[in-house]
Amino acid sequence: PDVPGLCCPPEPRRRAAHGGGRGAGGGRGGDVPESGDNKGYLLHRKGGGGERMKRLLPIALSMMLLTGCAVGAALPDGLDTQPEPPISEAQSAPTPSTLPEPEVYRASVGIVGDILMMTSQIQGAKTAEGYDFRPSFYAMEPLFSSVDIMAGNFECTLAGEAAGYTQRRPAAPPPTEDDPNPRQPYQTFNAPDELAADLRAVGFDLLTTANNHCLDRGKEGLFRTARTLRGAGLVQTGTYLSEEERDAPCIMTAGGITFGFVAMTESVNSYDARLGGDSWAVGRVSQRERIQGEIRACRSAGAEVVIAFPHWGEQYMDSPVRRQREYAQSFADWGADAVIGSHPHCAEPFEWITAEDGRRVPVAYSMSNFISNMAGQNTEYGLFLRLDVKKDGGGVSIGMSYLPTACIIQKAGGRRLHQPIPCWEQEQRRGGLEPLTEGELKKTQRAFDHVVKICGLENAGLIEWTEEYDKQA
């Protein structure tokens with residue numbers, strides 16, 4: 001079906017020229033390193049070369065034979081004095097090719113981790129007119145505008161005010177004889193509708209919604225979230241409004257390169273019963289055949305790069321568990337060209353793995369939190385990931401770079417605002433709505449040190465600051 005924002009999304013709007021990124025109208029994206037073996041899915045190879053021709057005049061041949069005899073008379077005994085054979089057509093030098101050089105296309109995808117909306121964040125966004133979340137993303141906007149497609153994991157619902165906005169996590173019920181060790185209930189999330197339009201306004205293009213909180217307000221809340229995000233002009237995937245829609249690939253084009261996106265989650269916080277018989281409504285990691293079909297559908301729709309977004313792993317861990325690695329290998333073998341994970345709320349390492357067809361596939365096991373009110377160990381540190389894609393006559397290649405982020409809380413304009421801050425290597429480049437205090441600067445340094453320690457510099461480089469990232473430029 002022609003569902004706005006999913007099956008037939010508009011191309012991403014044109015970006016400002018931050019970091020070499022340009023808009024979706026065939027413009028140039030960020031540069032991709034020419035070295036390395038991180039080849040993506042190969043496209044049509046084009047051959048070259050012209051016909052090889054050489055003409056020998058009869059008189060020239062006669063002169064060559066005569067010259068050979070004359071020289072032969074003066075050569076020492078034992079040397080071959082036979083004339084050289086005529087140069088054949090196969091031995092002649094080729095003429096230069098007249099075929100044009102293959103065109104080169106470039107596009108970039110920016111990705112952040114979990115977008116969570118907790119009670120204090122919603123309170124801080126309250127204004128006299130409603131809610132305004134845009135100031136929270138002020139410091140990130142230059143990075144967002146530097147890429148052609150900006151994506152994130154929307155770990156919240158937009159189920160409407162009547163469904164109740166996010167409240168603090170409830171305490172565990174008292175023990176009973178039947179349940180002497182009751183579990184503390186999960187916290188559930190629901191934010192005002194203004195959040196959707198504000199995320200679009202600050203630069204997001206694509207949001208994935210397959211995660212363990214997608215059913216926090218039931219199946220109707222899941223459906224309303226998808227409709228609200230799409231109504232704000234965002235592309236959304238991972239949860240669906242119909243089974244027919246589930247089978248329609250999520251496709252976007254930027255810089256002359258076509259991308260496909262698939263998203264899935266391991267868990268829905270034991271809310272499976274809320275789906276009734278509509279298991280198609282949520283992409284699940286366990287649905288192996290369905291995921292393979294979704295990747296194939298993206299390819300059939302023209303996708304040259306397919307990115308998989310699994311919501312997986314164990315919370316609060318800084319390294320992937322075995323099943324994450326196994327799933328990543330499966331996604332690569334099924335045709336994914338990049339695997340970008342979420343859920344642990346902490347950063348986990350990058351790797352390049354080899355698919356069964358020989359492609360080199362980048363994997364980010366966990367992007368950590370992007371914005372939240374979580375304060376557990378390392379949960380306030382996240383990252384901005386950039387994939388630079390290049391397409392030429394030899395195929396498609398992918399480069400990967402990143403920048404650590406730290407979520408801080410500042411008082412600005414009479415409100416208490418949560419803000420992700422880009423942690424540039426140069427401390428003086430870090431800032432938010434207000435200049436950072438000494439304590440906030442120390443926090444950004446801790447974030448930088450931790451994320452670089454976890455993600456390393458072997459499999460992805462750091463994004464370097466340029467004047468084009470200056471918010472005031």
Side-chain angles (χ1 to χ4, degrees), residues 6 111 113-114 151 153-157 183 186 188-189 206-219 221-223 225-226 236-250 260-299 303 306-317 319-346 348 351 353 355-356 361 363-367:
L6 182 71
I111 307 166
D114 301 338
N153 172 47
F154 188 72
E155 196 160 2
C156 189
T157 64
R183 293 180 57 182
Y186 293 110
T188 62
F189 304 122
L206 166 71
L207 293 177
T208 62
T209 50
N211 54 65
N212 56 306
H213 287 282
C214 63
L215 285 166
D216 279 2
R217 293 296 184 271
K219 185 167 63 174
L222 179 149
F223 292 156
T225 300
Q236 169 272 329
T237 192
T239 56
Y240 309 93
L241 301 179
S242 69
E243 190 160 13
E244 292 75 20
E245 178 183 293
R246 172 73 184 269
D247 294 330
C250 180
F261 303 97
V262 296
M264 66 294 292
T265 182
E266 274 194 306
S267 165
V268 290
N269 284 352
S270 303
Y271 294 148
D272 301 77
R274 296 182 178 183
L275 288 172
D278 298 332
S279 61
W280 47 260
V282 181
R284 300 297 292 270
V285 171
S286 58
Q287 297 170 336
R288 298 172 62 89
E289 292 184 3
R290 193 134 205 176
I291 295 170
Q292 292 178 66
E294 290 171 2
I295 294 173
R296 285 195 301 269
C298 287
R299 293 286 186 215
V306 177
I307 302 177
F309 292 96
H311 199 72
W312 58 4
E314 297 295 331
Q315 293 185 337
Y316 315 117
M317 294 186 65
S319 60
V321 295
R322 179 178 176 179
R323 68 179 184 276
Q324 285 172 271
R325 296 183 187 277
E326 292 173 347
Y327 283 134
Q329 188 63 56
S330 294
F331 298 150
D333 291 344
W334 298 338
D337 297 299
V339 181
I340 311 299
S342 58
H343 180 59
H345 301 303
C346 297
E348 293 182 350
E351 287 184 355
I353 62 177
E356 62 183 9
V361 175
V363 181
Y365 284 102
S366 174
M367 294 291 293

Practice prompt. Could you check W312 against V339 for side-chain contact (heavy atoms from CB on, under 4.5 Å), going step by step and ending with a plain yes or no?
Written response: CA-CA 11 Å; W312 58 4; V339 181; 3.8 Å; yes

Just checking, R325 and Y365: is the charged tip under 6.0 Å from the six-membered ring centre and within 45° of the axis? yes

I want to check something: taking the side chain as every heavy atom from C-beta on, are [X] and [Y] in contact at a cut-off of under 4.5 Å?
{"X": "R284", "Y": "V268", "value": "yes"}
{"X": "H345", "Y": "E155", "value": "yes"}
{"X": "W334", "Y": "V262", "value": "no"}
{"X": "T239", "Y": "T225", "value": "no"}
{"X": "M367", "Y": "I111", "value": "yes"}
{"X": "R217", "Y": "T188", "value": "yes"}
{"X": "E243", "Y": "D278", "value": "no"}
{"X": "V285", "Y": "H311", "value": "no"}

Checking [X] side chain against [Y] main chain: does a donor-acceptor pair fall under 3.5 Å?
{"X": "S366", "Y": "C346", "answer": "yes"}
{"X": "E266", "Y": "G313", "answer": "yes"}
{"X": "D216", "Y": "C156", "answer": "no"}

If every non-hydrogen atom of [X] is compared with every non-hydrogen atom of [Y], which pair is closest and at what distance?
{"X": "R274", "Y": "K219", "answer": "O-CB, 3.6 Å"}
{"X": "F223", "Y": "W280", "answer": "CZ-CH2, 4.0 Å"}
{"X": "L275", "Y": "A281", "answer": "CD2-CB, 3.9 Å"}
{"X": "C250", "Y": "C298", "answer": "O-SG, 4.3 Å"}
{"X": "G283", "Y": "A210", "answer": "O-CB, 4.0 Å"}
{"X": "G335", "Y": "V306", "answer": "O-CB, 4.2 Å"}

- Query: Salt-bridged, R299 to D337, with N to O below 4.0 Å?
  - Reply: yes

_Ion pair check, E289 and R296, cut-off under 4.0 Å_ = no

What's the separation between atom [atom1] in [X] and atom [atom2] in [Y], rounded to the nearest 0.5 Å?
{"X": "Q236", "Y": "T208", "atom1": "CD", "atom2": "OG1", "result": "9.0 Å"}
{"X": "L207", "Y": "F309", "atom1": "CG", "atom2": "CZ", "result": "10.0 Å"}
{"X": "N212", "Y": "S270", "atom1": "CG", "atom2": "OG", "result": "10.0 Å"}
{"X": "S286", "Y": "I291", "atom1": "OG", "atom2": "CD1", "result": "7.5 Å"}
{"X": "Q292", "Y": "I295", "atom1": "CD", "atom2": "CD1", "result": "7.5 Å"}
{"X": "H343", "Y": "D114", "atom1": "NE2", "atom2": "CG", "result": "9.0 Å"}

- Query: Parallel, tilted or perpendicular for F331 and Y327, by the 30°/60° rule?
  - Reply: parallel

Review point. Would you call the rings of H213 and F189 parallel, tilted or perpendicular, where under 30° means parallel and over 60° means perpendicular?
Key: tilted

Next on the checklist: One pair to check against side-chain contact (heavy atoms from CB on, under 4.5 Å): E348 and Q324. What are the steps and the verdict?
Outcome noted: CA-CA 11 Å; E348 293 182 350; Q324 285 172 271; 3.1 Å; yes

Applying side-chain contact (heavy atoms from CB on, under 4.5 Å) to A355 and not counting sequence neighbours gives A332, D333, D357, R359, V361

ask   = Stepwise, does the side-chain contact (heavy atoms from CB on, under 4.5 Å) test hold for S342 with N211?
value = CA-CA 9 Å; S342 58; N211 54 65; 5.9 Å; no

